[in-house]
Chemist: 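The structure's right below; bear with me while I get my questions together.
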There are 2 protein chains.
Amino acid sequence: MSVGIRHDDLRRRNRAMVISAVRRAGQPSRTEIAATTGLSHSTISAISADLIQEGILAESKASETVSLKRGRPQVGLSLNPQAAAVLAVVLSLNFLSVAVIDYAGQVVAEEQRRLDTLTMSRDALIGECVAIVRRRLEDPDLDVQSVARIALAIQGITDSHARAMLWSPITPQTNIAFADILEREFGIPAIMENDCNMMAVALRWRHPDRYRDDFIAILLSHGIGMGLVLKGELFTGTHSSGGEFGHMIHRPGGALCRCGRRGCVEAYAGNYAIWRNARLLSENAEPVADVSDAEMRALAARARETDGPEREAYRKAGEALGFGLGSLFALIDPAPVAMVGASAAAFDLIEPALREAIAQTAGGQHSGSISFDTEPNELPLIREGCAMRALSFVDQEIFAPSIQARAGSVGKNVA
Amino acid sequence: MSVGIRHDDLRRRNRAMVISAVRRAGQPSRTEIAATTGLSHSTISAISADLIQEGILAESKASETVSLKRGRPQVGLSLNPQAAAVLAVVLSLNFLSVAVIDYAGQVVAEEQRRLDTLTMSRDALIGECVAIVRRRLEDPDLDVQSVARIALAIQGITDSHARAMLWSPITPQTNIAFADILEREFGIPAIMENDCNMMAVALRWRHPDRYRDDFIAILLSHGIGMGLVLKGELFTGTHSSGGEFGHMIHRPGGALCRCGRRGCVEAYAGNYAIWRNARLLSENAEPVADVSDAEMRALAARARETDGPEREAYRKAGEALGFGLGSLFALIDPAPVAMVGASAAAFDLIEPALREAIAQTAGGQHSGSISFDTEPNELPLIREGCAMRALSFVDQEIFAPSIQARAGSVGKNVA
DNA sequence: TCTATTTTTTCGAGCCTCGAAAAAATACTG
DNA sequence: CAGTATTTTTTCGAGGCTCGAAAAAATAGA
């Protein structure tokens, strides 16, 4: 059962709230923070004095915005970039990237690498990840002491504790506890997240107006992934990262999916499925390992030109996505949808059939009001989500810890 | 954004926690409460002294359990039955029932009534609900002042604020703001809940070991409903009660559903669908309004006897439920399932096809470990859930209010 | 230079929780 | 049956936290 609130929790939570208000608002004054948090000015004053003294926040000296109002000008508070740093590692098909991000959220260094993830051994895969992190940590420009968190996003299913990859389409290996491995290797807290969940996290930071409490991010790529935010919280399954939208059943016993089952949404809407249908191959044909983006673009071009099998393939994809979304909407009610990934560039080919399908489902009552945005580039989004996830952890777990072990904290080695 | 924690919230939350600990544990001693909440003995002592003084809790005088241990015997704390009362109203097809429940959760009065909900006018339907509540409130044995909450459960879709029925299969009427109507009529806070959600709430109270953080309650009746608890919280949609499992799409363009659409799970697994298939009627045949329980029992009996269309009808029902659950499991991961309602008595006919279908879906990896319980009687469950929902509200909103307006509270008119 | 205005800090009051010690209530012991 | 051991509950002072009010700080306008 949930635990009572101890007296010291109070300060901890309010500290976290102030930090989070600053991260969200950019350069809010103490008065603004008091307004958004509902706490009194005196409390905000006390907490921010602590945070500044600890080197977590800083006052923005420059009164860049010329104060037009009378009275004492507001002093903006901002995150001290040097207070900490985090690493965002993204592992996707044949591709590994890492970015070092300062406490204010700016990328300070990055590195990318092509791999052959599908054929690599378990040790090689782990080795590459460890190595790329090590290279970044050995960068003389980086104060290793300040690195407070490593977040690794992977295409595939992760466990609900954000420790391990359970299964992934990018490698035959399963059950790799990346978070534990990195933690042991570098002594830095690490987490392992699902890539689509990180897309959703990033969208929430990028467009807080459009994507706030309830929305859906769908990755249209070789496979179909989903990140879901409900009631302002990232939705995960009870045991895994969950939200395996691509493997909801569209047609029982239908087309062969990459996962080995039949009739999944992905078996109609994933790149390999569109490719398979466009070539008029059997639905039982083994999914191909990879279709290049160029090839998909050519497919889309042909679909736009003539009403041939390519157009029909996209239509089928739209239908599968539409019925899938319809079933999803039956459970969670309609919400804004962001279509992310290379195939989002072909969303014009997908949308008509998708809307038609949705109209036949429980979500159909609102089909007019359902809006779709597209964002063809998933990688920056995933990295950004990863970084924000890691930074939020630092905000809450390190700079607002439950124990008063504030001495020796990462923030200390500043000013 | 979320709001900071004020100093007075602290006491409020801890009060709520103590009350909730007592409601859950039955007659816990102060020491036990301290252990489960993690608060100190002194705090528990102070809070429970307040609560006893206010007439919310009471010490169980009788040391019924002969203390076998040395030392000062524990004094059990219990809820004072007279501290408040709530009304649980359940409106289902052709049936209206109300129960008065004391603060300790015991039914102290009840009344039931047959109606013809399908043909009643809007005003008549509202009138019946208001009237049955009025009769209970006019009961001389009841202290009207102590009635702190009315909870109304209805088969159908309610809004996410628990104010109104949006749509229901039991009446052609839509958008009835029952909660507002009852509140205005009687001046007592009211809520409007979905029946299947209340089933889930009740299961959680009844079997906290089996149904705690994540589970699914499915109503197998004329229609198919679902109540879902995820991460210990009742799951609702973003705009409505959500969880319309029965209207997830099983077969695009398939059998005609009561909701007017095609291929919903319900169009294969609802009583009317089983009946339709058992009679070898077309999948396009208009769903019948009602099939009596006796008729369904006869159908089930025939299905058990011979391998005819009846058995096939149940098989199809199982298949639809299985693929539906499989898609659901793709989103939320597998969880224990309780099958509730008259047709749960025929679950033996449904289960084989259901398991076979699930095995073909993303949930299939765990198909062996998924357990199903059956509970044929939904009404007591719904009422119980309704009552607990209302009582929890009293616990938290009235007996642990955010403002210190403790004078004049309902608890005051006791001792 | 003085006044009005707005932001931020300071200060004392009021709560709340906690730990330690005391008090209360019982079982065991000889 | 009195004394001791044991367990539960209450009491009490200390320490923290937030709050409101007042003071201080910082600026624009007169």
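Residue numbers begin at 1 in each chain, while the letters A, B, ... track the order of the sequences. These numbers come from the heavy atoms of this one structure, side chains and all, not from hydrogens, waters or symmetry mates.
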Chemist: With a 3.5 Å cut-off and no angle check, do the side chains of A:S45 and A:S42 form a donor-acceptor pair?
Modeler: no

Chemist: Is the distance between the ring centroids of A:F393 and A:F399 under 6.0 Å?
Modeler: no

Chemist: Can you name the residues that form a salt bridge (charged side-chain N to carboxylate O under 4.0 Å, His left out) with A:R389, not counting sequence neighbours?
Modeler: A:E193

Chemist: Please name all residues satisfying side chain to side chain contact (heavy atoms under 4.5 Å, CB included) with B:E233, sequence neighbours left out, ordered by chain then number.
Modeler: none

Chemist: Using whole Å, what does the distance between atom P of nucleotide D:dT10 and atom CD of B:Q53 come to?
Modeler: 14 Å

Chemist: Please tell me which of B:R70 and A:T31 maps to the more 5' nucleotide of DNA chain C, matching each residue to the nucleotide holding its nearest heavy atom.
Modeler: A:T31

Chemist: Just the rounded figure in Å: distance from C1' of D:dT10 to CD of B:Q74.
Modeler: 16 Å

Chemist: Return the set of residues passing salt bridge (charged side-chain N to carboxylate O under 4.0 Å, His left out) with B:E32 (not counting sequence neighbours), or none when no residue passes.
Modeler: none

Chemist: For the pair made of CD1 in B:I5 and P in C:dT17, what is the distance, rounded to whole Å?
Modeler: 13 Å

Chemist: Identify, with sequence neighbours excluded, every residue that meets salt bridge (charged side-chain N to carboxylate O under 4.0 Å, His left out) alongside B:R30.
Modeler: B:E59

Chemist: Of all residues at least two apart in sequence or in a different chain, which pass the salt bridge (charged side-chain N to carboxylate O under 4.0 Å, His left out) check with B:D9?
Modeler: B:R12

Chemist: Looking only at the side chain of B:L10 (C-beta and beyond, no hydrogens), which of the listed nucleotides C:dT17, D:dC17, C:dT8 gets closest?
Modeler: C:dT17

Chemist: Applying side chain to side chain contact (heavy atoms under 4.5 Å, CB included), can you list everything that pairs with A:A99, at least two apart in sequence or on another chain?
Modeler: A:I101, A:V107, A:E110, A:R383

Chemist: Provide the full list of salt bridge (Lys or Arg N to Asp or Glu O under 4.0 Å) pairs with a residue in residues 78-88 of chain B, sequence neighbours left out, each pair given once.
Modeler: none

Chemist: Rounded to whole Å, please give me the gap between CD1 in A:I52 and C1' in C:dT9.
Modeler: 12 Å

Chemist: What is the distance from CG of B:D9 to C1' of D:dC17, rounded to the nearest Å?
Modeler: 13 Å

Chemist: Restricting both atoms to N or O, compile the protein contacts to nucleotides 13-16 of chain D shorter than 3.5 Å, with distance only.
Modeler:
from: D:dG15; atom 1: N2; to: A:H7; atom 2: ND1; distance (Å): 3.3

Chemist: To the nearest Å, give me how far apart CD1 (A:I33) and C1' (C:dT8) are.
Modeler: 12 Å

Chemist: Toward the 5' end of DNA chain C, which comes first, A:I44 or B:N14, by nearest nucleotide?
Modeler: A:I44

Chemist: Check the distance between D:dT18's P and A:R15's CZ and give it to me in whole angstrom.
Modeler: 11 Å

Chemist: Using a cut-off of strictly less than 4.0 Å, decide whether B:R12 has a side-chain nitrogen or oxygen near OP1 or OP2 of C:dC16.
Modeler: no

Chemist: Across nucleotides 20-25 of chain D, 5' to 3', mark each nucleotide with B, S or - according to how protein heavy atoms within less than 4.0 Å reach it.
Modeler: B---BB

Chemist: Return the value, rounded to whole Å, for the distance between atom CE of A:M17 and atom P of D:dC17.
Modeler: 16 Å

